[in-house]
Amino acid sequence: MGQLSLVLLLLSVQWSCAQEDPLLPFSEHLDPEHNVRLKWGFDEIQGTILFELTVNTSGWVSFGFSPKGGMTGADIVIGGVGPKGSYFTDRHAEGNSIPVVDQQQDYKLLSLIESNGKTVMKFQRSIESCDENDLPITNLPMKLIYAYGQSDDIAYHSNRRGTKEVNLLKYMPRVNPPNSKYFDVTMVNFTVPANQTYYHCKVMRAPTFDRKQHIYRIEPFITNIDLVHHLLLYRCPPSVTEPLEAKCYTGKGEECMETVAVWGVGGGAFELPEMAGLPIGGNVVDFFYRLEVHYNNPNKNAGRVDNSGLRFYYTSELRQHDAAILMTGLAVYPGYAIPPKAKSFLTYGLCDTAYIPQVLETPHDLQVFSVMMHTHLAGRKVRVGHFRGGKQIDLLAVDENYNFEYQEVTNLGKTKTVQLGDQLLVECTYNTENRNTLTWGGFSTSDEMCLAFLFYYPAMNLSSCWSFPDIESLSSAMGATDILTWFNMMYTKTWNDTSINQYQQTLKTVDQFVIVINSFNNGSYNNGTIPDLKVIPPAPCMSGCAIKSLALILLLLCLAVHWASS
């Protein structure tokens, strides 16, 4: 029994060193014959990337990064399962010869399996380079190289090699189902008003289908790239039964608020992962949709005609899950203000998923795979903190260099589970040093927003989960007797570093209205407080020696505990 316990103990130590495998949502065949398949996932916050290489061979396999697509200067790993067990080494190529073993082993082998003529090698490394022989993984397309042999004698690969350029960190799959079709949702010959900012809405019925389809790709269709700032498509509740077209937020069509698609200036097409699709048709065939186009026209040009909108690619080959989008962050109302002359001012929006069961009969956890973060011109950073049991467990998404001119849906790199009861905090950082007046929350480009659109599965009938500061509590905390007095106080206040910091702290500590809205515009309204958000440092770049040392330390600790309890 003691020997069995020790074996189980050793296995638990090995598992704790390897850590739990994150999901591998992305995959590419690296060769035309589909003998070599690479799957990967990454965590930009922790600074790590995970690979799984599957090759149709019982011999050695290799994978690496090359500056120009060839051997010279390449960063390579070689592994396999031989007569004496598995082998795995971090190497670099100095020319067209067998790669040299790195003095510092910076790749972490997680598993190596050979079965039925296939070799599957799973390993992890730092996104940044750990030493001079490792190439950093960047946001640009990289040249991936592979090679393999028919035996475990590492020798010349002959024609069993290849190169493929892939953008690992900004990856977007491109699939073409055999029955793929598309439909467009656009404005039709709309004359853009000569206003600096204008929102136009069009409520319409989507194409009808006898049975459910899955949308797998969304492309922007922009006819005036200098005018169109963002596009949103919302699903309407069943109470909306007639089409209309009018200026947005004037009392018409505003009940259509469940986000189906989103595009921001500078962004491109977006394709969903292979396990999920946005549902249309079937039981959602009778729904109307509202297309919202935000026109930013700073020169107030007149007479411009626009036909912008979105193109949706769909297929009858249904995927495993229905996907959906949840709007989170700071509710868009003009009841909060960002002071002028601020170098780094923070606002917060809280989503408390504990309140989702108040508006849904059968709620469940969210598997979040992508996010689009959104502010206006003053925005500089956006962070989405993830809290469980009152403690921060992760940063769901981060953009430390937010650019108003380049907004896109970003893959998280792996699926992240948001359990019911978790809290999500959207924090936005603004710079208003060049402004002399208050910046209010609102829809104009000169106003501000703080939003994060979360792409997740399985879909729920959920529209938004956000918060808003209690204005009465805020005005009282700042010494105002009523809201009107508070507005006057905000306009007449002398804003400097001291008053800005005092206001920011007050804004964070006052009670928040936490609001959850379902697809039928039924809502729950509760109070909440803003938790403290911390930056999570990336995992250190660990060499193979360091990993072995850690495993040895864990083993000794476990043995000590085992002997002490005997």
Side-chain angles (χ1 to χ4, degrees), residues 7-24 26-31 33-41 48-66 71 74-93 97-126 130 133-134 144-164 542-552 554-555:
V7 170
L8 293 174
L9 186 63
L10 290 171
L11 289 174
S12 68
V13 170
Q14 182 180 2
W15 178 256
S16 65
C17 181
Q19 301 178 354
E20 181 181 355
D21 288 352
L23 296 176
L24 300 161
F26 312 123
S27 67
E28 280 275 347
H29 283 99
L30 302 186
D31 66 321
E33 295 79 20
H34 290 190
N35 288 321
V36 182
R37 185 186 186 192
L38 180 71
K39 298 179 68 178
W40 75 97
T48 57
I49 186 165
L50 174 71
F51 296 101
E52 182 181 88
L53 184 72
T54 301
V55 185
N56 293 341
T57 184
S58 297
W60 60 269
V61 300
S62 70
F63 167 80
F65 310 97
S66 170
M71 285 283 288
D75 174 14
I76 297 172
V77 290
I78 298 179
V81 181
K84 297 181 180 180
S86 63
Y87 54 92
F88 178 83
T89 49
D90 176 10
R91 301 178 178 231
H92 65 278
S97 58
I98 295 177
V100 179
V101 177
D102 287 5
Q103 184 175 359
Q104 180 174 306
Q105 295 288 296
D106 297 302
Y107 286 76
K108 179 180 179 181
L109 178 65
L110 300 180
S111 64
L112 232 174
I113 301 171
E114 182 183 298
S115 177
N116 298 322
K118 294 179 181 290
T119 298
V120 182
M121 184 167 68
K122 185 181 291 186
F123 53 98
Q124 182 176 298
R125 62 156 281 182
S126 170
C130 289
N133 294 318
D134 293 336
L144 311 182
I145 61 173
Y146 68 89
Y148 58 96
Q150 295 177 321
S151 71
D152 289 296
D153 295 326
I154 301 173
Y156 181 56
H157 45 63
S158 185
N159 62 347
R160 295 179 293 275
R161 65 163 301 278
T163 303
K164 188 168 187 177
M542 296 178 65
S543 68
C545 293
I547 294 168
K548 293 176 182 177
S549 299
L550 177 60
L552 180 59
L554 289 171
L555 174 59

Check: Which distance, rounded to the nearest 0.5 Å, do you find between the CD1 of Ile98 and the CD1 of Ile154?
Finding: 7.0 Å
Check: Does Glu114 have any salt bridge (charged side-chain N to carboxylate O under 4.0 Å, His left out) partners at least two apart in sequence or in another chain, and if so, which?
Finding: none
Margin query: Distance check, rounded to the nearest 0.5 Å: Leu109 atom CG versus Ser86 atom OG?
Written below: 6.0 Å
Side-chain donor/acceptor pairs under 3.5 Å, residues 58-65, sequence neighbours excluded:
| residue | atom | partner | partner atom | Å |
| --- | --- | --- | --- | --- |
| Trp60 | NE1 | Asp153 | O | 3.3 |
| Ser62 | OG | Ala147 | N | 3.3 |
| Ser62 | OG | Ala147 | O | 3.1 |

Notebook entry, point to check: Is a donor on one side and an acceptor on the other found under 3.5 Å between the side chain of Asp90 and the backbone of Asp102?
Noted result: no
Next item on the list: Only counting residues at least two apart or in another chain, list the ones meeting salt bridge (charged side-chain N to carboxylate O under 4.0 Å, His left out) with Asp75.
Entry: Arg125
Notebook entry, point to check: If only atom types and distance count, is the side chain of Thr119 paired as donor or acceptor with the main-chain N or O of Val55 below 3.5 Å?
Noted result: no
Next item on the list: Identify, with sequence neighbours excluded, every residue that meets ring-ring contact (aromatic ring centres under 6.0 Å, His included) alongside Tyr148.
Entry: none
Next item on the list: Write down the atom of Ser27, the atom of Lys39, and the distance for their closest heavy-atom approach.
Entry: CB-CG, 3.7 Å
Item checked: Contacts of Asp152 that satisfy side chain to side chain donor-acceptor pair (under 3.5 Å) - sequence neighbours left out -> Tyr87
Item checked: Listed once per pair and sorted, the salt bridge (charged side-chain N to carboxylate O under 4.0 Å, His left out) pairs that draw on residues 76-86, sequence neighbours left out -> none
Notebook entry, point to check: For Gly41 and Leu24, which heavy atoms make the closest approach, and how far apart are they?
Noted result: N-CD2, 3.7 Å
Item checked: Euclidean distance, Tyr146 OH relative to Arg161 CZ, rounded to 0.5 Å -> 7.5 Å
Margin query: Could you work out, with side chain to side chain donor-acceptor pair (under 3.5 Å) as the rule, every residue matching Thr89, not counting sequence neighbours?
Written below: Arg91
Next item on the list: Calculate, to the nearest 0.5 Å, the distance between atoms CE and NE2 belonging to Met71 and His92 respectively.
Entry: 11.0 Å
Notebook entry, point to check: Between Asn35 and Asp31, which heavy-atom pair has the shortest distance, and what is it?
Noted result: N-OD2, 2.8 Å
Check: Does Glu28 have any side chain to side chain donor-acceptor pair (under 3.5 Å) partners at least two apart in sequence or in another chain, and if so, which?
Finding: Lys164, Tyr171
Checklist line | Pro99 and Ile78, any side-chain heavy atoms less than 4.5 Å apart | finding: yes
Note to self: The criterion is side chain to side chain donor-acceptor pair (under 3.5 Å); which residues satisfy it with Asn133, sequence neighbours excluded?
What the structure shows: none
Checklist line | Qualifying residues under side-chain contact (heavy atoms from CB on, under 4.5 Å), relative to Ser97, sequence neighbours excluded | finding: none
Margin query: Could you work out, with ring-ring contact (aromatic ring centres under 6.0 Å, His included) as the rule, every residue matching Phe88, not counting sequence neighbours?
Written below: Phe123
Margin query: With heavy-atom distances below 4.5 Å as the criterion, would you say the side chains of Met121 and Val77 are in contact?
Written below: yes
Item checked: Nearest-0.5 Å distance that lies between atom OG1 in Thr57 and atom NZ in Lys118 -> 10.5 Å
Check: With sequence neighbours excluded, what pairs up with His29 under the ring-ring contact (aromatic ring centres under 6.0 Å, His included) test?
Finding: His34
Margin query: Less than 4.5 Å apart, side chain to side chain, heavy atoms only: is that true for Lys108 and Leu110?
Written below: yes
